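Report on the structure given below.
The model shown is predicted, which means the values in this text are computed figures rather than measured ones. Throughout, a chain's letter reflects where its sequence line sits, starting with A, and its residues are numbered from 1.
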Amino acid sequence: GSGSKSKPEIALITDSGGINDKSFNQSAWEAVKEYGEKNGKGYKYYKPANFDTAGYKAQIKNAKDNGAKVIVLPGYKFAAAMGELQNDEKYKDIHFVLIDFQPQDAKGNNVEPKSNVYAATFKEFQPGYLAGYAAVKDGYTKLGFMGGIALPAVINYGYGYLQGANDAAKAMNKTVDVKYYYTGSFNESPEIKTKATGWYNGGTEVIFSCGGQICNSIFAAAKETNKKVIGVDSDQKSQSETVITSAMKNVKKVVKDEIKASYDGKFEGGVHLLEAKDGDVGLSPDFSRFKNFKKADYDEVFKKVSDGSIKIVSYADVDANAKGDPNTANLKSVLTNVTVDYQK
Amino acid sequence: MSIVYFLFNQTLLFAIPLMIVALGAMFSERGGVVNLALEGIMVIGAFSGIFFMNWAQTNQVLSGMPLLFASMAIAALAGFLFSMLHAFAAINLAADQTISGTALNILGAGLAIFIAKTVQDGAQNISFTNEFRIESIPGLGSIPVLGDLLFKNCYITTFLGFLLLAFSWYLLMKTKFGLHLRSCGENPQAADAAGISVYKTRYAGVALSGILAGVGGLIYIIPISTEFTGTVAGYGFLALAVMIFGNYSPLRIGGAAFFFGFTKTISFAYSSIPFIAKLSLPDTFYKLIPYVATLILLAFTSKNSAAPRADGIPYDKSRR
Amino acid sequence: MLSKLFAKDGTKSVIASLISIFFGLVVGFIIILIFAPNEALEGFGILLSGGFYRGTESFSQMIYLSIPIMMTGLCVAFAYKTGEFNIGVPGQYLIGSFVAMYISIRWTFIPDSLVWIVAVICAGLAGALWALIPGFLKAFKNVNVVISGIMCNYICLLLVIQGIKSTIYNSTGAESMTIPESRSLPRTPLDGLLSTGDSNLRFVVAFLIAVGLCILAWVIMNKTQFGYELKAVGFNKDAAKYAGMNEKKTLILALATAGFFAGVGGALPYLCGSGKTLQITEVLPDEGFNGIPIALLGFSNPIGCIFAALFMGYINVGGNYLQSLNIAVEVIQIITGVIIYFASFTLFIKHVFAKHEANKRKKEEGKV
Amino acid sequence: MDDYAIEMLNITKEFPGIKANDNITLQVKKGEIHALLGENGAGKSTLMSILFGLYQPDEGEIRINGKAVKINDPNDANKYRIGMVHQHFKLVHNFTVLENIILGIEETGFGGKLVKGNARKKVMELSEKYKLNVDPDALIENITVGMQQRVEILKMLFRDNDILIFDEPTAVLTPQEIDELMLIMKNLKAEGKSIIFITHKLNEIKAVADRCTILRKGKYVDTVNVADVSKEQLSEKMVGHKVQLVVDKTPAKPKDVILKVEHLTYHPKGANKALVNDVSFEARAGEIVCIAGIDGNGQTELVYNLSGLAQPTSGKIYLNDIDITHKSIRERIDDGMKHIPEDRHKHGLVLDYNLSMNINLKNYYKPEYHKKGFLNFEKMDQYADKLIEEYDVRSGEGRKSIVRGMSGGNQQKAIVAREVEANGDLLIAVQPTRGLDVGAISFIHKQIVKQRDEGKAVLLVSLELDEVMALSDRILVIYEGEIVGDLDPKTTDIKELGLYMAGSKRGAQYAK
Ligand SMILES: Nc1ncnc2c1ncn2[C@@H]1O[C@H](COP(=O)(O)OP(=O)(O)OP(=O)(O)O)[C@@H](O)[C@H]1O
Ligand SMILES: Nc1ncnc2c1ncn2[C@@H]1O[C@H](COP(=O)(O)OP(=O)(O)OP(=O)(O)O)[C@@H](O)[C@H]1O
Ligand SMILES: [Mg+2]
Ligand SMILES: [Mg+2]
């Protein structure tokens with residue numbers, strides 16, 4: 001079963017995705033499980049009966065009624081539910097770890113988390129930037145980006161990727177083509193495979209797969225065409241030999257740290273913006289699958305990214321109505337050496 | 001030219017599993033049993049095939065082609081066993097075939113995930129390594145045109161698909177069994193009076209559909225993924241549509257599967273086809289193509305449906 | 001008296017359904033017993049207590065869950081009476097959801113307190129219109145409703161996604177916006193009484209609408225000319241035509257009516273103040289397909305659909321609580337599958353009844 | 001001791017609610033034609049189905065050539081060389097003649113492949129020997145009913161059966177075809193085969209049968225030597241009381257034209273010729289006009305056009321001087337067209353509705369049967385009860401009976417009641433007595449004559465020449481979609497009629 005035998009003090013609740021979605025749910029679950037097992041704490045994974053705010057609230061309550069002390073909630077879908085529950089006296093003794101979002105009020109505006117709520121958001125555009133940069137530096141000039149759904153996190157990866165590729169191209173005095181697409185799904189399918197194969201056949205050399213299980217289809221396409229993939233969120237090199245690197249955000253570490261903090265009495269609520277500076281995002285540490293790009297090159301660019309000397313346009317800088325469009329004015333103006341083919 | 005190879009290759013990706021499952025459905029329906037359970041059978045087939053594959057790969061029991069064939073055998077067996085539930089309900093108990101088919105779809109999905117989660121400590125997905133793609137078949141791969149079309153970057157299952165198409169046509173149209181099966185689907189009273197066991201023959205039809213749908217589920221998954229997540233994304237229902245579209249006859253089912261596969265390919269590969277890409281219409285427009293095209297074609301071709309007359313009607317000796 | 005009740009066809013159907021449910025639960029129990037022997041009893045207890053497990057909280061969940069599937073079930077059942085298997089129900093449901101959301105969010109010229117009425121009606125009409133496609137194709141082009149339904153589902157899905165993106169998109173969540181509470185269904189005192197855990201829910205009106213439509217459908221089917229024609233067409237199209245019925249019109253109208261129910265079903269849960277949103281993932285809504293087993297378990301009877309939907313809600317709520325143990329929720333799906341499987345034997349079970357009755361009659365005759 | 005080919009001793013077979021066979025004994029001698037006579041639902045088909053292995057008897061014993069046997073399925077029957085031509089043909093419509101004949105006893109070659117060569121040869125030989133004239137490669141759906149029956153006969157001959165069962169073989173045949181069938185049966189008998197022959201037609205029994213067993217309501221009545229009894233005696237034994245075989249009828253007094261058909265042509269897409277070709281005629285109030293002809297000469301299509309089930313290609317149809325050519329079926333009904341359809345199961349009844357619903361099938365929409373779209377069940381039931389009573393429609397639960405479970409004769413009575421009692425000046429009756437027993441036939445005939453006498457126009461379409469001669473006031477003969485003769489039954493005879501029907505004679509006004 002999906003949990004321990006003893007009373008589940010640590011709870012993970014997902015939205016419609018499962019705990020091996022190859023994305024934050026999976027990372028968070030690994031953290032919960034590892035911590036629970038190592039420290040002999042009960043832990044449990046819950047999936048709501050219905051995927052709406054009422055359903056999320058009900059499941060959070062259920063977790064509480066079953067004895068949860070720390071509840072991990074990955075994904076924006078819980079924003080409204082948390083906005084409400086954090087004001088509820090009954091939940092004030094429970095620690096919440098929110099991944100990728102912060103609580104929202106009924107109007108959909110972000111609100112400050114209470115002291116028992118830790119809201120982690122990542123600067124995904126940083127690892128995205130690093131991935132694009134590394135790929136172009138390594139010699140690739142025809143790139144692809146496939147995002148699952150145009151969520152802020154996904155868009156951030158994509159925007160960063162484009163800018164990283166652009167800056168590398170500029171430095172190398174080259175131009176780079178990027179095909180850009182949101183698959184509309186986080187699941188694998190023959191359709192996605194066909195799309196990816198089409199790109200690879202049309203010359204695309206590497207695709208940044210940015211959306212949970214769609215990587216299954218992109219890996220398959222890359223393997224057939226002998227092309228490359230950039231993984232996302234966690235280090236995916238073991239999942240396919242086509243993966244040259246992964247743009248990571250360390251969900252697992254954060255979750256583990258915060259569970260620990262909760263038990264150690266060091267839990268601190270609030271919004272926490274996690275970034276390269278603290279080592280919470282970056283590329284996977286293994287550079288053996290690059291041809292030219294070396295650890296030293298990485299360290300150099302990483303430093304610039306983390307100290308903020310490179311300014312990266314992110315989702316927040318772009319009009320929300322763009323819906324993830326990479327061709328908005330302020331992004332386009334920085335993409336001097338990249339041609340983006342956006343297939344919307 | 002390479003674009004042609006590419007399109008053909010991708011068309012096969014959709015067409016082959018759809019065709020195999022649709023051919024299965026054809027056997028069931030030509031024998032008089034409506035099989036809505038294809039989706040569930042595909043899931044069960046894929047699940048058991050991949051489950052076995054995962055086990056064999058982790059324990060290094062088998063690999064390469066032998067593993068593929070062993071997995072297919074497992075998928076076929078599982079599909080067969082599962083379809084027998086439908087056969088029993090439809091044939092022995094004169095059940096409403098729509099209901100029992102729907103039941104198996106629900107049951108199939110539930111069982112696959114339930115078992116996966118239970119044995120994998122909560123994890124739903126079962127991963128596998130795809131070691132079955134053939135870069136180029138020695139000799140055949142170097143034939144001009146044809147070699148590129150068929151014998152490079154291919155799966156043995158593609159040929160299996162073509163083989164099954166030929167076999168299905170032969171079995172249904174040219175053999176004694178085919179004649180018996182068709183008579184049971186058209187007029188079971190006549191078959192019964194001719195000394196044919198309607199029950200046994202219908203069982204055979206459903207069994208074939210179970211075997212083919214089970215295999216179809218497995219070979220749907222292999223080329224597109226590296227793990228099985230517990231669903232075949234509605235392809236069972238699409239296969240049913242292909243079967244009806246193909247008017248219950250093997251060769252036309254082959255045609256329908258390829259038509260559907262081709263339009264599907266276009267709708268996702270349009271950006272690789274220069275003159276279509278230039279139109280730069282929204283993605284949704286292309287995605288609609290296969291479904292809208294199928295509907296339009298159906299509107300022109302459905303006047304003379306060849307649905308077997310006794311399709312879906314439980315055989316009851318005493319009803320005339 | 002009692003024997004007369006038992007002789008009724010409806011009673012037999014109910015008994016057959018109860019038998020199916022019994023077998024489904026037994027199989028579920030066995031499966032739990034095999035895979036989680038230690039927790040089997042406790043698990044099964046949770047499952048059976050279902051909508052009562054956590055008092056009004058779970059009871060209100062059960063009601064809420066039953067609303068959309070009651071409508072899609074009714075949709076399938078209604079079409080089934082004309083002999084058509086309306087597998088296009090997810091599309092009809094989805095388009096209803098979208099239209100309801102669009103109207104509630106965007107048609108701000110309608111006052112808050114009235115907008116739900118417009119939204120529900122327009123959602124129904126949208127479902128009806130969408131169902132016209134398979135209806136027309138069947139009536140005039142003889143296109144099999146199963147295949148046109150499947151195609152229409154995907155077409156609808158893609159169009160709705162496009163529609164969300166261009167009208168009611170919430171980019172932070174990459175999904176649709178939610179309907180503001182103020183523009184949802186009216187909240188009744190009963191809502192407050194039942195949903196102790198949630199001060200926003202307003203499902204009572206939704207439930208009443210759903211049940212009301214089921215009763216309306218029953219009346220249409222059994223008491224009106226339209227229902228008489230509809231069933232005649234379902235039983236024997238040629239005879240209906242011979243008798244001067246317009247079998248094409250009847251078929252189209254019946255499918256449209258069915259689509260209307262699905263469309264309303266699509267609207268209701270989004271108007272319940274539950275914060276439900278439409279996704280832009282290319283997956284058809286479960287509530288649509290789940291209507292099929294509801295219709296089948298309710299033996300295609302509108303009143304049957306009410307109970308079937310409540311039952312499904314009941315065990316799903318129970319199943320959800322199973323997560324507290326180490327039993328995968330999918331056991332519910334297995335149980336549902338088994339129940340529906342046994343429900344397909346209804347004819348057989350009725351047959352057994354008939355035999356039993358004949359034997360009894362013979363014995364009685366023997367006495368005389 | 002007699003030399004019996006078949007003995008069915010004390011057979012009892014019960015269906016839910018009814019004893020179809022109650023202690024019946026049937027003994028058939030070698031080389032005889034043995035008729036089986038009985039009203040609708042008497043249990044004839046059931047008894048034969050038991051002999052053929054389709055049903056198992058609850059009690060009783062079957063002996064073949066004196067040896068007790070158990071016949072579990074048609075394969076066993078075949079083993080004992082029993083063959084059967086079923087009342088409803090057991091043919092697969094989209095198979096060829098040859099495929100139908102070999103079905104179940106195919107010869108196969110390598111890989112299970114069908115081998116048809118030898119079978120084809122044998123079929124051709126048999127066809128020649130018995131002058132059956134079949135084309136082995138024709139599809140069943142493309143050949144006439146008569147031809148289909150020959151295929152059924154060939155099926156038995158192909159299997160070298162010695163005991164041949166014919167269940168109502170003549171119900172669907174033309175007079176010529178019936179004559180040919182009688183001849184074939186006599187030939188078969190001459191070869192030493194034993195034949196069981198089920199029919200409702202007494203003169204057929206007189207013509208070919210040696211002995212006759214009579215059943216009534218599932219029970220055995222008698223077995224007689226046909227030569228020793230009269231038709232009247234036979235029918236009396238069958239129904240249990242005296243019946244009148246001829247129709248009482250006064251000369252017609254035709255009045256206004258009710259139905260007028262002008263140059264009606266029907267040429268559907270896909271047909272290679274017009275199925276109804278330039279047909280013009282009139283039917284007046286107070287007369288019975290009969291369309292006579294061999295099955296398949298356009299009668300069905302003509303009636304479809306008149307009733308609105310099909311749309312004519314050209315021409316006009318007037319009912320009471322109103323042009324109804326393009327009116328809907330409902331409008332035609334309202335204008336006064338009543339129609340007893342040819343196929344009672346396909347068109348006439350909603351088998352899964354109860355009797356009351358079926359009797360009101362064409363009423364329910366009328367103002368007096370509904371209030372604002374809500375049906376008035378009380379009214380419907382009252383009306384149904386009245387008709388059930390008047391027409392003596394028998395069934396298990398009265399108006400609540402589901403029609404599917406009723407006997408064919410009573411199903412037909414329900415339709416006749418519904419149509420005759422409806423308002424309207426024109427009654428189109430297509431083969432209204434097909435497959436019914438004498439009692440039912442004479443009842444329906446009376447109703448038709450009564451309609452005429454009440455001043456309605458009756459258009460009768462029939463394949464039965466006896467019926468045509470007995471009922472009609474005028475006979476229109478249809479041949480290949482054209483009217484080829486307008487005859488007066490008083491001045492013509494069956495022989496002449498046959499010539500017109502076969503296309504070898506044409507009336508003066510119809511000369512080409
Ligand atoms: N399968 C069945 N189930 C129930 N009742 C049946 C069945 N078959 C026949 N019967 C009943 O048994 C009785 C005898 O039927 P059977 O078909 O043997 O009559 P028949 O003499 O052949 O009549 P007909 O002249 O109409 O063909 C009828 O009352 C009929 O209703
Ligand atoms: N399933 C059934 N249940 C009850 N009675 C049945 C059933 N099937 C047939 N019968 C009865 O069996 C008898 C013979 O049926 P059959 O269909 O041969 O009718 P028929 O009178 O011969 O009419 P037709 O002109 O169509 O041949 C009828 O009396 C009918 O009511
Ligand atoms: Mg009979
Ligand atoms: Mg009969």
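Contact check for C:Y341 versus B:L107: no side-chain heavy atoms found under the 4.5 Å cut-off. For the pair C:L296/B:T102, a side-chain contact is recorded, criterion being any heavy-atom separation below 4.5 Å from C-beta on. A 4.5 Å side-chain heavy-atom check between C:N153 and B:Y291 finds every atom pair outside the cut-off. Here the side chains of B:T98 and C:Y80 are in contact, with some heavy-atom distance below 4.5 Å. For the pair C:I161 and B:K287, the minimum side-chain heavy-atom distance is 4.5 Å or more. B:L295 has its side chain within reach of C:S148: a pair of non-hydrogen atoms, C-beta onward, lies under 4.5 Å apart. Contact annotation: the side chain of C:F289 never approaches that of B:I106 to less than 4.5 Å [non-hydrogen atoms, C-beta and beyond].
Looking at C:I334, both its backbone and its side chain come within 4.5 Å of chain B, counting heavy atoms on both sides. Residue B:L298 touches chain C through both its backbone and its side chain, counting heavy-atom pairs closer than 4.5 Å. Using a 4.5 Å cut-off between heavy atoms, C:I87 contacts chain B through its side chain alone, with no backbone atom that close. Contact annotation for C:L158: both backbone and side-chain heavy atoms come within less than 4.5 Å of a heavy atom of chain B. Within the 4.5 angstrom heavy-atom criterion, atoms from both the backbone and the side chain of B:F245 approach chain C. Proximity to chain C (any heavy atom under 4.5 Å) is shown, for B:L85, by both the backbone and the side chain. With a 4.5 angstrom heavy-atom cutoff, C:V146 touches chain B only via side-chain atoms. If you measure heavy-atom distances from B:A112 to chain C, you find no contacts under 4.5 Å at all. Heavy atoms closer than 4.5 Å to chain C are found in both the backbone and the side chain of B:S100. Interface remark: B:F260 contributes side-chain atoms only to the contact with chain C (heavy atom separation under 4.5 Å).
For the residue pair C:A343 and B:I99, the shortest heavy atom distance occurs at C-CG2, 4.3 Å. Closest non-hydrogen pair, B:K117 versus C:A328, comes out as CD-CB, 3.8 Å. For the residue pair B:A109 and C:Q333, the shortest heavy atom distance occurs at CB-NE2, 3.4 Å. Pairing each heavy atom of C:M151 with each of B:A241, the nearest pair is CE-CB, 3.8 Å. Taking both residues in full, the closest heavy atoms of C:N142 and B:S302 are given as ND2-O, 3.0 Å, listed atom of the first, atom of the second, then distance.
Shown here is C:F23, whose CZ atom has no more than 12 heavy atoms of other residues, nucleotides or ligands within 6.0 Å. Within 6.0 Å of CZ in C:F307 there are 12 or fewer heavy atoms belonging to other residues, nucleotides or ligands. When the shell of 6.0 Å around CZ of C:F85 is examined, it contains more than 12 heavy atoms from other residues, nucleotides or ligands. By the 6.0 Å contact criterion, CZ on C:F22 is open, its count of non-hydrogen atoms from other residues, nucleotides or ligands being 12 or less.
C:K141 contributes atom NZ, which lies 6.0 Å from atom CZ of B:F300 (distance to the nearest 0.5 angstrom). Considering CZ of C:F345 and CG of B:N92, their distance stands at 9.0 Å, rounded to 0.5 Å.
Ranking B:T301, B:L111, B:D283 against chain C, the residue ahead of the rest is B:L111, based on heavy-atom pairs under 4.5 Å. Note: B:L288 leads B:L288, B:N105, B:V242, B:L104 in heavy-atom pairs under 4.5 Å with chain C.
Relative ring orientation between B:F114 and C:F35 is described as perpendicular, the plane-to-plane angle rising above 60° on a 0-90° scale split at 30° and 60°.
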